[in-house]
Amino acid sequence: MVKMVANEEKQQGHRPGVFKQKNKGHKHGKHRTKGEIERENKGRVSVTALTKKQRKEHKRMDRRNKANQLRKNKKDMVLTEKRRLGTRDGPPHLVAVVSLHGGIDAGTVTKLLRGEGAGGVGLQERCISGVTDSFGILLPRVKQRFNFLSISTADIHSLLDVAKIADSLVFVLDSDEGWDNYGEYCLSCLFAQGLPSHALVCQGVSELPVKKKVESKRALSKITEIRFPDERIYPLDSEQDGTLLLRHLGTQRQRKLGFRSRRAHLLAQKVSFTANSPAEGTGVGPTGLGTLCVSGYVRGCPLQVNRLVHITGYGDFQISQIDAPSDPLPLILTATRPAKPGKEGDFDMQDGGEEEAPVRVLMKADPSSRESLQAEAEVDPMEGEQTWPTDSELLEAEEARKSKRVMKVPKGTSDYQASWIVDEEEESNGEIDEESSEEDDDDDDMLDEAMEDEDNVSQGPGSEEEEEEEDEEEEEEVCAEERTGVDERYDEHIDVAEEEEGLKRYREARSNEMFPDEVDTPLDMPARIRFQRYRGLKSFRSSPWDTMENLPLNYSRIFQFKSFERTRHRILAEAAAEEEGAMVGWYVTLHILDVPSSVMESVQSGKPLIMVSLLPHEQKMSVMHLLVRRHPSNTEPIKSKEELVFHCGFRRFRASPIFSQHTSADKHKMERFLRPDAPTVVSVYAPITFNPAGVLLFKQKNDGIQDLVATGSLLSCDPQRVTLKRIVLSGHPFKINKRSATVRYMLFNREDIMWFKPVELRTKWGRRGHIKEALGTHGHMKCVFDNQMRSQDTLLMNLFKRVYPRWTYDPYVPSSLTWFKREIIVDTDDLDME
């Protein structure tokens, strides 16, 4: 037994204490060890595979190779487009010559380029219909052809239209000043719309002495680097300079404009008009419509005969057929002749007369697949939902039938006739309803009335006699003194009516800036009736607003996409993949149906004609949203729903928009005036246009001048974008307690207080609360807040309603007079130096 106990004591091991060191186990991870892998393979050798590092290197090489391939494809595509422009396979290089200074004549530039010494042969005069100073030339050395036209900057519409379609612009500068005020105005419009490839030209520098020539070039470069940084100025005083300019225009990189590269467009070179006979047109008898035959080179992308075309400034039209006449400016390359190594040995020119080659009909429109001119949806007033009345509604109708009103009517009047006779009370209520149903800014009108009332109150009855006496004294003093010539010349440029209107608009804008959206509660009308279309929101950001609630009647006339971005991507992808129709560079003749005769009159008056093929759905009306910024040159207040002139892509129209803030929320606050310090969203009823597209906003003045107001780009097409108009009712604390206060001057009767009781209140100092109860019958109310209110604080109530643009779309825009900077020149000799 003793021996067994001894053995048991030997078997007991050492028990570690508390302070024994414990090493961490090896964290081998979730992967198998090499030994486990060998045991599982049991001697089998696996196929050689790429390691993770090798696989990563392989993927990197694939990505680099793919990027190189994409880069090479894009480079080849750009080079193909560049080589095709102006050659035999593409349209002639269209160059517009623009003078940016009133003292410079662009005709001298075109005269120099037209000469034989510049290297051009095969001159074609007046190649652009409606433009007298236009010509086409061939350059055999570089195997290119050009169409030049000199466009006058006096007509800003024609200048912008030509810039939309020109391949290059040649800006003619003054050797001393560069450009004047009107040239700066034209540049602002061109940069906002999208500037194509351009070149700067200056004349008269070569004639200066060497020292003055260097100083002149340095001063001119300092002026132009603001608008054109790192841009070379080409002198143009000799035929050699003209040759260098032509070579530069033919080889420079073309700037791609998105709104024109995705649509087929052309500049009319020949135009003819055939009036419709009484049997052909859509109307009966002479309607002023006819078929317009327009010839020109297709640019941008292939032209489809079943698509609609838009004539800038006149609207959308259908094409009946496309013809292929002979090219008026052909460039046919032949083998060089060793016996006659002249300048023109590698090229031959043929006369492009229509007598030599008969006109071929390329394609005719298919009436079944041709797009419709329908711009608005058909409105069915009986399409509304009709439900059977409920039992409670039937009981109310029965009670209303029993409780007949007693009224005096002429003898012999039937019950049916008597029901149409309106009492005076109902007539007054009807007028109130009509006023409240208008879409105009009623509260803005009330602001004007309140301001007029304050002016009238400030002029008390006792002060009228004193003012009359002061006026008489002033009149006597003015009659005694002779008016100087400075005052007479100053008054010649002032329109009194325009000054009064500008003062009124300026006061409204200043009042809105000092007290945003604040309105006065009317005293002669209950607030619950005056503001019955408004509602309160707990939170402008998160409170719900039904986008389909109480839509106006104009919304039944417009079209809406389920997803505008998805439709846009699909249509642009289909347009880029099209390979049918009249290809780019073909000289074609379009037969356009039902065109008004005013288009031909415009061409005969000297204006260029621009045509563009529309993408699907671009003729339909919808709610377009434009993101614009105020132009710094315009400081006049621009009110919401004021008629403006729009240049959106190839379209030009007039409309009355509304302004709103540019935010990412689902509700957007309306702006009463166009803000000068922040981007603003302009919403307007207009035809659908797929972005990208530049936007210019002009304002038509009383003297016929259109002033540039804002510039920007096309944002989206979304009729469900909610724009809320806010009004603020203000009140003042009468008695202040710890958590409550007695407020007055916000509402003026007990019924209005109970009506607006659910609306949350706030103060200018950040307190929040609500109406607890009404005190008396004169508009005093007890309000409870989250903290004590200060005596200098003001109580505010925010009310909102959804607003919509006005339907005033008009594709016709009158011509603008020449813009000028409004400055009054005063002679120092006429000043009284006392």
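Everything numeric here is computed off the predicted structure, so don't read it as measured data.
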Chi angles and distances behind the side-chain hydrogen bond (donor to acceptor under 3.5 Å, both in side chains) call for S320, R370: CA-CA 9 Å; S320 61; R370 183 168 55 184; over 6 Å; no
Look only at the side chain of [X] and the backbone of [Y], and say whether a donor-acceptor pair between them is shorter than 3.5 Å.
{"X": "Q321", "Y": "L362", "result": "no"}
{"X": "H662", "Y": "L627", "result": "no"}
{"X": "S622", "Y": "C717", "result": "no"}
{"X": "R630", "Y": "L674", "result": "yes"}
{"X": "T723", "Y": "V803", "result": "no"}
{"X": "S716", "Y": "D718", "result": "no"}
{"X": "H631", "Y": "R629", "result": "no"}
{"X": "N306", "Y": "A365", "result": "no"}
{"X": "Y555", "Y": "P719", "result": "yes"}

Looking only at non-hydrogen atoms, find the nearest pair between [X] and [Y] and report the distance.
{"X": "I156", "Y": "C189", "answer": "CD1-SG, 4.4 Å"}
{"X": "L609", "Y": "V294", "answer": "CD2-CG2, 4.1 Å"}
{"X": "S168", "Y": "Q254", "answer": "OG-NE2, 3.9 Å"}
{"X": "W586", "Y": "G581", "answer": "CZ3-O, 3.9 Å"}
{"X": "S158", "Y": "I151", "answer": "CB-CD1, 4.0 Å"}
{"X": "T589", "Y": "S295", "answer": "OG1-OG, 2.7 Å"}

Test item: side-chain donor near acceptor, [X] and [Y], under 3.5 Å:
{"X": "H310", "Y": "E618", "answer": "no"}
{"X": "Q304", "Y": "E580", "answer": "no"}
{"X": "K164", "Y": "T312", "answer": "no"}

Does this structure show an ion pair linking [X] with [Y], if we count only N-O contacts that are shorter than 4.0 Å?
{"X": "E643", "Y": "R806", "result": "no"}
{"X": "D161", "Y": "R652", "result": "yes"}
{"X": "R651", "Y": "D316", "result": "yes"}

Taking the side chain as C-beta and beyond, is there a heavy-atom pair between [X] and [Y] under 4.5 Å?
{"X": "V98", "Y": "T153", "value": "yes"}
{"X": "M600", "Y": "S272", "value": "no"}
{"X": "R227", "Y": "F171", "value": "no"}
{"X": "F650", "Y": "H265", "value": "yes"}
{"X": "I638", "Y": "L644", "value": "yes"}
{"X": "C127", "Y": "L329", "value": "no"}
{"X": "E642", "Y": "K699", "value": "yes"}
{"X": "I137", "Y": "R145", "value": "no"}

Applying side chain to side chain contact (heavy atoms under 4.5 Å, CB included) to H101 and not counting sequence neighbours gives I104, D174, E177, D180
How many angstroms lie between [atom1] in [X] and [atom2] in [Y], if you round to the nearest 0.5 Å?
{"X": "L267", "Y": "S134", "atom1": "CG", "atom2": "OG", "result": "9.0 Å"}
{"X": "F259", "Y": "N691", "atom1": "CZ", "atom2": "CG", "result": "13.0 Å"}
{"X": "Q193", "Y": "L160", "atom1": "CD", "atom2": "CG", "result": "5.0 Å"}
{"X": "Q661", "Y": "H668", "atom1": "CD", "atom2": "NE2", "result": "10.0 Å"}
{"X": "T547", "Y": "K667", "atom1": "OG1", "atom2": "NZ", "result": "11.0 Å"}
{"X": "L615", "Y": "T567", "atom1": "CG", "atom2": "OG1", "result": "12.5 Å"}

Please step through side chain to side chain contact (heavy atoms under 4.5 Å, CB included) for the pair Q144 and H93, ending with a clear verdict. CA-CA 8 Å; Q144 285 186 338; H93 196 119; 5.6 Å; no
Apply side-chain hydrogen bond (donor to acceptor under 3.5 Å, both in side chains) to the pair H591 and T291, showing each step before the final yes or no. CA-CA 6 Å; H591 296 258; T291 301; over 6 Å; no
Set of residues satisfying side-chain hydrogen bond (donor to acceptor under 3.5 Å, both in side chains) with respect to Q560, sequence neighbours excluded: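 Result, side-chain hydrogen bond (donor to acceptor under 3.5 Å, both in side chains) vs Q560: none returned.
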By side-chain hydrogen bond (donor to acceptor under 3.5 Å, both in side chains), H248 pairs with (sequence neighbours left out) Y234, Q252
What orientation do H198 and F228 show, parallel under 30°, tilted 30 to 60°, or perpendicular over 60°?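 Rings of H198 and F228: tilted, 30 to 60°.
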Would F673 and F659 satisfy ring pair (Phe, Tyr, Trp, His ring centres under 6.0 Å), going step by step from the backbone distance to the final call? CA-CA 7 Å; F673 293 88; F659 307 137; 8.8 Å; no
Heavy atoms from other residues, nucleotides or ligands near CZ of R721 exceed 12 (cutoff 6.0 Å):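 Count over threshold, so yes.
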Under the side chain to side chain contact (heavy atoms under 4.5 Å, CB included) criterion, do F135 and L113 qualify, and how do the steps go? CA-CA 10 Å; F135 60 94; L113 297 175; 4.3 Å; yes
May I have the step-by-step check of ring pair (Phe, Tyr, Trp, His ring centres under 6.0 Å) for Y685 and F653, ending in yes or no? CA-CA 11 Å; Y685 288 115; F653 57 89; over 10 Å; no
Would you please name every residue forming a salt bridge (charged side-chain N to carboxylate O under 4.0 Å, His left out) with E565, sequence neighbours left out?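 E565: salt bridge (charged side-chain N to carboxylate O under 4.0 Å, His left out) contacts with R568.
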With F690, which residues qualify under ring pair (Phe, Tyr, Trp, His ring centres under 6.0 Å), at least two apart?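 For F690, the residues satisfying ring pair (Phe, Tyr, Trp, His ring centres under 6.0 Å) (neighbours in sequence not counted) are F564.
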Looking at residues at least two apart in the chain, or sitting in another chain, which of them share a ring pair (Phe, Tyr, Trp, His ring centres under 6.0 Å) with H625?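 Expected list: none.
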From CA spacing to verdict: side chain to side chain contact (heavy atoms under 4.5 Å, CB included), L149, L94: CA-CA 8 Å; L149 73 156; L94 183 61; 3.6 Å; yes
Could you please spell out the steps behind the side-chain hydrogen bond (donor to acceptor under 3.5 Å, both in side chains) verdict for Y314 and S602? CA-CA 11 Å; Y314 292 95; S602 174; 3.3 Å; yes
Step-by-step side chain to side chain contact (heavy atoms under 4.5 Å, CB included) determination, L246 to F148: CA-CA 11 Å; L246 291 176; F148 283 88; 3.3 Å; yes
